[in-house]
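What follows is a short report on a single structure.
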Amino acid sequence: MTQKNVNHMLTLEEFIIRSQNRFDGATGELSQLLRDIGLAAKIVSREVNKAGITNLLGQYGSQNVHGESVKKLDVFADDQIKSALARSGIVSMMISEESNELIRLESSSGNYIVFFDPLDGSSNIDVNVSVGTIFSIYRRKSSRDVPAEESDALQPGDKQSAAGYVLYGSSTMLVYTTGMGVSSFTLDPSIGEFMLSDDDIRIPDFTPQYSINEGYSSGWPGGVRDYIAYIKQVDPETERPYSLRYIGSMVSDLHRILLLGGIFLYPPNVSNPHGKLRLMYECNPMGYIIEQAGGLAFDGSGRILEINPQSIHQTAPVYMGSRSNVEKLMEFLSRSK
Ligand code: P6P
């Protein structure tokens, strides 16, 4: 990775203010929202990093809308982000992976709607593997004079005002885009500030690495099986076989791919015939970031960001990462149709 001339002394707040006039004009509302999410992320990071000491590990004792067991830290992170969004006064509705129904903030006639996965990959928490928060921000379509409706939230990913994630790993990083490229920030715990790490991340065009749960291969579409068989063949000229990296936390797998390149795949399988990952708060925000960094994000038949959503918790197949990697997969998918 080439060294860039980046001002590492720039904080998230300073960077947002300097960029503000490029994406939301004089209002500054989106800037405020990003800063509020950054604050919630610092609080979640503090608890994630000491979960083993503060009895925040383990099951919460309930299941979410997808029938998955909820961890204590899921609930903590969910509460922190909901509070930050409610305090902002500029969010009219929010949708969390942890809440069956959308949440209207009647007190706010805010312009924005926020989808979020408060703690993605939370099954990894108890074994100290990286997890993350994912967020996706839209401007509401209806007038601020009337309560926001579900139709305000069901917009294709191309309409996102901003999207990003926080990765709670060996360091805590916040990565976001407002449509003008991808920027990353690293939390300096000694001063409690996110400091600029990269102001224009570009995903490598090709890397011989792939990320998929091979355990579900029997249920994959034929084109995916053919592609995976192809990348396992020995051919030094095309850098095959590729190596497999799979953490089981979408944010962690895609953060690696954003920086090093490769392809992430979560195809339909027997248990998840429409894919497992959630369109509005996993596929769209991560797809927006990957595309803004120069990569591709497909659902097997078209761009993920062009899917017209029908429900707030719907899932989608996911194939995203380096342009050449994804284009090779698409060749196999189109052959098998
Ligand atoms: P599997 C975590 O539960 C998650 O939603 C994503 O973060 C991750 O990529 C995927 O599910 C892992 O799913 O079926 O491989 O365990």
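Sequence positions, counted from 1, serve as the residue numbers for this chain. In each ligand, atom 1 is the first atom listed, and ligand 1 is the first ligand listed.
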Beyond-backbone contact of [X] with [Y], side-chain heavy atoms, under 4.5 angstrom:
X    : Y    : value
L329 : E327 : no
F194 : T172 : yes
L167 : S130 : yes

Heavy-atom contacts with [X] under 4.0 Å: which atoms of ligand 1 show up? List them by number with element.
X    : value
Y216 : 14 (O)
E282 : 5 (O)
Y266 : 1 (P), 13 (O), 14 (O), 15 (O)
M250 : 6 (C), 7 (O), 8 (C), 9 (O)
G121 : 2 (C), 7 (O)
Y246 : 1 (P), 12 (C), 13 (O), 15 (O)

- request: Please work out whether any backbone atom (N, CA, C, O) or any side-chain heavy atom from C-beta onward of R278 is under 4.0 Å from ligand 1, and answer side chain, backbone, both or neither.
  value: side chain
field: Part of L277 with heavy atoms under 4.0 Å of ligand 1, whether side chain, backbone, both or neither
entry: side chain
[X] versus ligand 1: do any nitrogen or oxygen atoms come within less than 3.5 Å of each other?
X    : value
N213 : yes
D120 : yes
F264 : no

message: Do Y246 and M286 land in one hydrophobic cluster if side-chain heavy atoms of ILVMFWY residues count as linked below 4.5 Å?
response: yes
field: Test salt bridge (charged side-chain N to carboxylate O under 4.0 Å, His left out) applied to E214 and R245, K232, R225, the passing residue
entry: K232
- prompt: Parallel, tilted or perpendicular for Y266 and Y216, by the 30°/60° rule?
  reply: tilted
- prompt: What pair of heavy atoms forms the shortest contact from M9 to E14, and how long is it?
  reply: O-OE1, 3.8 Å
Heavy atom of the protein closest to atom 11 (O) of ligand 1 (residue, atom name, distance): K276 NZ, 3.0 Å
- prompt: Would you call R140-E149 a salt bridge at under 4.0 Å N-O?
  reply: no
